[in-house]
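Predicted model, so just to flag it, every value in this text is computed and none were measured.
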Amino acid sequence: MTVNTCIQPPQFLPLSPFYQQRFHLFTQKPQSLKPTKKSCYFSTTACDNSFKGSLFRVRKGRIRCSVSEVEEQKEKQQQVVKRAYPFHEIEPKWQSYWEKNQTFRTPDEVDTSKPKFYVLDMFPYPSGAGLHVGHPLGYTATDILARLKRMQGYNVLHPMGWDAFGLPAEQYAIETGTHPKITTLRNINRFRSQLKSLGFSYDWDREISTTEPQYYKWTQWIFLQLLKRGLAYQAEVPVNWCPALGTVLANEEVVDGVSERGGHPVIRKPMRQWMLKITAYADRLLEDLDDLDWPESVKEMQRNWIGRSEGAELEFCVLDGDGKERDIKITVYTTRPDTVFGATYYSSPLYLSLYLVLAPEHSLLPSLMSLSQRESVEEYKDLASRKSDLERTELQKEKTGVFSGCYAQNPANGEAIPIWVADYVLGSYGTGAIMAVPAHDTRDYEFATKYDIPIRWVVKPDDDDFSDSGKAYEGEGSILNSSSSTSGLDINGLHSKVAASKVIEWADTTGNGKKKVNYKLRDWLFARQRYWGEPIPVVFLQDTGETTPILETDLPLTLPELDDFTPTGTGEPPLAKAVSWVKTTDPSSGKPAMRETSTMPQWAGSCWYYLRYMDPKNSKELVDKTKEKYWSPVDVYVGGAEHAVLHLLYSRFWHKVLYDIGVVSTKEPFKCVINQGIILGGVQYTAFKNPDGNYVSADSADLSGEINQEIIPEEKVIKSGDSFVLKGDPSIRLIARAHKMSKSRGNVVNPDDVVSEYGADSLRLYEMFMGPFRDSKTWSTSGIEGVYRFLGRTWRLIVGSPLPDGTFRDGTVAIDGEPSFEQLRSLHKCIAKVTEEIEGTRFNTGISAMMEFINAAYKWDKLPRSIIEEFVLLLSPYAPHMAEELWFRLGHSNSLAYEPFPKANPDYLKESTIVLPVQINGKMRGTIQIEEGCSEEDAFRLVSQDAKLSKFLDGKSIKKRIYVPGKILNVILGFQNIKAGVR
């Protein structure tokens with residue numbers, strides 16, 4: 001039942017504006033009232049939509065309405081009063097204005113005489129979960145830079161799009177039965193809506209998605225160029241095969257040898273796959289890093305991934321059971337040929353990694369195993385096949401292996417050395433076989449120690465004892481135990497580098513090896529047995545199996561619509577189910593052919609998207625040469641450090657290929673790369689309990705024993721020194737830790753909620769204020785409240801205090817008077833600092849400068865319009881919605897987006913006061929602040945008044961003063977030798 005209360009009309013009871021408006025409707029538009037049944041209630045169906053459906057009773061000049069509505073409107077009024085400023089009105093207003101007026105659209109044809117600034121966010125994948133507050137960190141930074149550069153007169157390219165192909169969408173589609181095209185479009189719409197709600201100044205007219213045929217037409221075109229130049233080829237390589245799921249899994253889908261989804265066993269299985277010959281560009285990828293303005297850590301990661309090394313390939317002849325040479329030689333790559341005499345065993349990998357062609361010596365393993373060891377080797381091979389390369393090469397893991405039952409001959413001294421099989425050796429590096437020297441390699445040392453293999457020292461440190469210290473010596477030094485009359489090789493006494501050169505020369509002369517440059521970088525596996533990806537534009541002739549590219553004029557080869565896109569269970573890709581699509585004819589010969597059913601990996605579309613933004617609607621070429629020449633390279637590229645290797649490396653590879661064929665004009669795609677830090681979830685406090693249920697301090701808890709953990713709410717925690725303890729029992733120390741935001745931990749913060757409560761400008765400002773942009777930071781709700789208060793203070797300073805009902809008057813409190821010198825000085829110091837800090841991506845300290853300005857401005861009697869307008873322009877890159885509204889209230893009809901950014905006047909940056917060092921009897925005792933041009937008398941008077949310095953002068957005679965204006969004041973005291981009772 002609806003409970004009613006009575007509300008008096010205005011002459012009896014003051015009504016809120018809400019009810020005054022509604023009461024006005026009744027008094028002015030009685031025709032809108034319709035009686036409901038026989039009662040005297042009326043329905044406002046003809047009134048305004050916001051009040052439609054409400055029930056009122058008119059009796060004796062009174063209006064009745066439901067209590068629930070009274071409370072609802074009361075709560076709305078309280079929210080208005082509580083808001084520091086009306087962001088809920090401002091932000092939608094200006095977002096609508098920007099979209100309607102296409103404020104941030106970059107024209108297709110720009111004035112190329114102006115400087116350009118191309119700032120780009122790393123391509124986001126539109127997941128179903130939408131954004132969390134960690135995502136806008138980088139987006140806000142690039143937006144601040146884009147807004148600054150527009151105001152500085154640059155042509156700015158600041159686009160956004162979607163890396164929308166890939167495994168997550170397909171996996172979700174399989175689980176729900178929803179086509180990935182549908183879920184992808186829904187996710188994109190959600191992401192776009194969230195990004196727009198944060199006021200980012202993207203040129204949405206250039207929006208692209210990797211799933212659109214007009215985009216992946218050019219991804220396929222690039223593949224055909226690679227194929228023409230021999231940079232795309234097919235090879236038999238091992239993949240992660242899950243029999244239970246009937247599909248090939250990517251590396252990231254395999255955890256501890258089982259599938260991430262379902263926990264099914266995964267084995268390594270050879271399959272014919274497409275590969276891209278990135279190794280052909282290894283040297284250029286390495287050399288061109290030096291000229292890039294990238295974090296040194298990122299460049300070092302790329303150098304390590306490319307892994308260029310110089311060494312030698314040495315050949316070891318396999319011996320039969322009688323110790324005689326067989327017609328089999330194993331080639332070993334080593335970076336330390338100077339240690340060849342220290343080789344006491346030979347180790348071979350089991351199989352290639354996912355990214356390599358099977359090495360010849362791997363195929364020899366079956367012919368190397370002795371009958372007695374064959375079963376052990378096969379068992380070991382099976383166990384190792386379930387491990388990833390990362391697991392196999394983990395430095396901390398225990399080394400395992402098995403003896404093959406066979407021996408090889410060391411070419412340097414003729415000794416027979418055992419051949420072992422060990423999973424820490426990868427077929428993906430070198431020849432897939434190593435020359436193990438346990439005395440001088442940590443991994444080999446651990447292996448040899450475990451299996452009681454002899455260790456021979458052949459390198460003596462220059463400044464240390466070489467005796468067995470329980471670990472390998474991996475450095476250089478003088479060579480010993482390295483001479484053989486049989487081979488004629490003697491390197492004893494030589495330094496490592498000289499010895500290495502001599503070994504290589506000997507090997508080349510005798511036919512036992514040669515100098516070799518090697519790379520860790522492997523060719524790029526460029527095929528996935530999945531549905532949701534770009535089709536590979538080739539066909540295979542049915543009669544010969546010959547590979548033929550489709551014609552460029554037939555691009556794009558579109559992905560067929562499939563109702564059943566689940567894995568086939570046979571290893572064939574899901575596209576094999578599209579029989580009518582697979583069966584085709586060769587475009588050149590007209591012969592029957594079959595289409596490729598594997599698709600491109602997710603990396604493909606994100607390798608070149610930055611070029612398409614320059615010319616997104618061009619149907620005739622990938623990018624217009626004139627536009628590419630103007631906009632290339634990307635000036636600032638911002639994204640997570642997790643993309644520091646593969647994405648950047650693959651993009652650089654494709655860019656260099658495009659450079660070689662004349663599509664692009666620069667050797668590198670990204671001039672400056674910046675990695676933003678991670679925003680972690682709120683701090684989580686963990687307490688420990690013993691089996692009796694009593695709390696145990698974290699510093700004394702036996703975490704390996706029977707112990708229980710309990711999450712403690714923040715209100716029950718206090719800080720004690722550098723630790724956190726229970727408020728109720730400070731003797732119990734807690735573990736305080738912030739984790740990366742994830743659904744499983746329940747610490748994800750939705751930006752929509754933050755925007756609803758504090759506004760988009762507060763979120764933007766807080767993410768920039770949390771700390772240095774490149775550092776990881778912990779989310780804190782109290783922190784965002786701080787910047788929200790700052791914006792509220794800024795608003796009230798310029799607009800004035802709120803009216804009694806919580807609203808604000810129109811316009812501002814700024815006046816047209818001339819500013820004072822101090823006001824100009826305060827402003828220009830702020831301008832200089834904010835400009836410098838934005839350009840240096842030190843956004844947090846730029847905000848601090850604006851806070852200092854607002855603090856100073858609150859002490860002024862008047863706010864000159866010229867000062868406030870300049871400050872509003874300073875604020876605009878950080879808090880664009882508020883700045884636009886203030887600019888409008890200051891009397892401007894157009895957006896401030898292209899207004900000139902303030903420039904600091906050096907005349908106002910000079911300090912009028914200086915710090916003067918003060919000496920007493922030649923010894924530094926302190927400093928005082930003086931005005932420029934301060935006289936000696938004034939300076940001495942300030943010293944006499946200073947609490948610290950005056951103590952040295954009390955009761956003393958002054959012999960003389962030495963004053964260097966603006967530099968130093970030295971006070972020389974008269975000597976007084978005072979002892980007990982004696983002067």
For this session: Just do the side-chain contact (heavy atoms from CB on, under 4.5 Å) check on Tyr216 and Thr558 with the steps written out, would you?
Result: CA-CA 9 Å; Tyr216 67 71; Thr558 57; 3.7 Å; yes
Exercise. Any luck finding a side-chain donor-acceptor pair between Asp586 and Ser589 under 3.5 Å?
Worked result: yes
Exercise. Are Trp274 and Tyr233 close enough that their ring centres sit under 6.0 Å apart?
Worked result: no
For this session: State plainly whether the residues Glu300 and Arg303 are in salt-bridge range, i.e. N to O under 4.0 Å.
Result: yes
Exercise. Do Glu628 and Ser632 get their side chains close enough for a donor-acceptor pair, meaning under 3.5 Å?
Worked result: yes
For this session: In plain terms, say whether Lys656 and Asp288 are close enough for a salt bridge, that is, a side-chain N and a carboxylate O under 4.0 Å apart.
Result: yes
Problem set entry | Candidate pair Ile174 and Phe565, rule side-chain contact (heavy atoms from CB on, under 4.5 Å), full reasoning | CA-CA 7 Å; Ile174 292 170; Phe565 36 79; 4.1 Å; yes
Problem set entry | Charged N-O contact under 4.0 Å between Asp564 and Lys577 | yes
Exercise. Would you say the side-chain atoms of Thr106 pair up with the backbone N or O of Val156, donor to acceptor, closer than 3.5 Å?
Worked result: yes
For this session: Answer yes if the side chains of Glu534 and Gln602 hold a donor-acceptor pair under 3.5 Å, and no otherwise.
Result: no
Problem set entry | Worked check of side-chain contact (heavy atoms from CB on, under 4.5 Å) between Phe223 and Val538 | CA-CA 10 Å; Phe223 177 84; Val538 298; 4.0 Å; yes
For this session: For the pair Arg284 and Asp660, find out whether any cationic side-chain nitrogen is under 4.0 Å from an anionic carboxylate oxygen.
Result: yes
Problem set entry | Criterion side chain to side chain contact (heavy atoms under 4.5 Å, CB included) against Met301, the qualifying member of Val645, Leu649, Ile306 | Val645
Exercise. Given Glu236 and Met271, is the side-chain contact (heavy atoms from CB on, under 4.5 Å) satisfied, shown in steps?
Worked result: CA-CA 5 Å; Glu236 195 88 1; Met271 289 184 66; 5.6 Å; no
Seminar exercise, completed: Tyr154 meets the ring pair (Phe, Tyr, Trp, His ring centres under 6.0 Å) criterion, sequence neighbours left out, with none
For this session: Using a cut-off of 6.0 Å, state whether more than 12 heavy atoms not belonging to Glu175 lie near its atom CD.
Result: yes
Problem set entry | Trp162/Phe123 aromatic ring centres below 6.0 Å | no
Exercise. Can you tell me if NZ on Lys277 sees more than 12 non-hydrogen neighbours from other groups inside 6.0 Å?
Worked result: no
For this session: Kindly state whether the ring of Tyr531 and the ring of His179 have centres lying under 6.0 angstrom apart.
Result: yes
For this session: Would you check if there is a donor-acceptor pair between the side chains of Asn518 and Ser309 at a distance under 3.5 Å?
Result: no
Exercise. Should the pair Arg105 and Trp204 be classed as cation-pi, given the thresholds of under 6.0 Å to the six-membered ring centre and 45° from the axis?
Worked result: no
Exercise. Among Arg595, Glu596, Glu546, whose side chain to side chain contact (heavy atoms under 4.5 Å, CB included) with Phe540 holds?
Worked result: Glu596
Exercise. Would Glu313 and Lys515 pass as an ion pair if we require N to O under 4.0 Å?
Worked result: no
Problem set entry | Note: Arg308-Asp283 ion pair, threshold 4.0 Å (strictly below) | yes
For this session: State plainly whether the residues Lys629 and Asp624 are in salt-bridge range, i.e. N to O under 4.0 Å.
Result: no
For this session: Is it possible for you to check whether Lys149 lies under 6.0 Å from the centre of the six-membered ring of Phe117, through NZ or CZ, and within 45° of that ring's axis?
Result: yes
Problem set entry | Under 3.5 Å side-chain donor-acceptor pair for Asn155 and Tyr630 | yes
Problem set entry | Reference residue Tyr215; test ring pair (Phe, Tyr, Trp, His ring centres under 6.0 Å); the match among Trp221, Tyr609, Phe165, Trp608 | Trp608
Exercise. Does a side-chain N-to-carboxylate-O contact under 4.0 Å join Arg192 and Glu207?
Worked result: yes
Problem set entry | Gln273 side chain to Ser598 side chain, donor-acceptor N/O pair below 3.5 angstrom | no
Problem set entry | Plane angle bin for His158 and Tyr202 - parallel if under 30°, tilted between 30 and 60°, otherwise perpendicular | tilted
Exercise. Can you tell me if NZ on Lys181 sees more than 12 non-hydrogen neighbours from other groups inside 6.0 Å?
Worked result: no
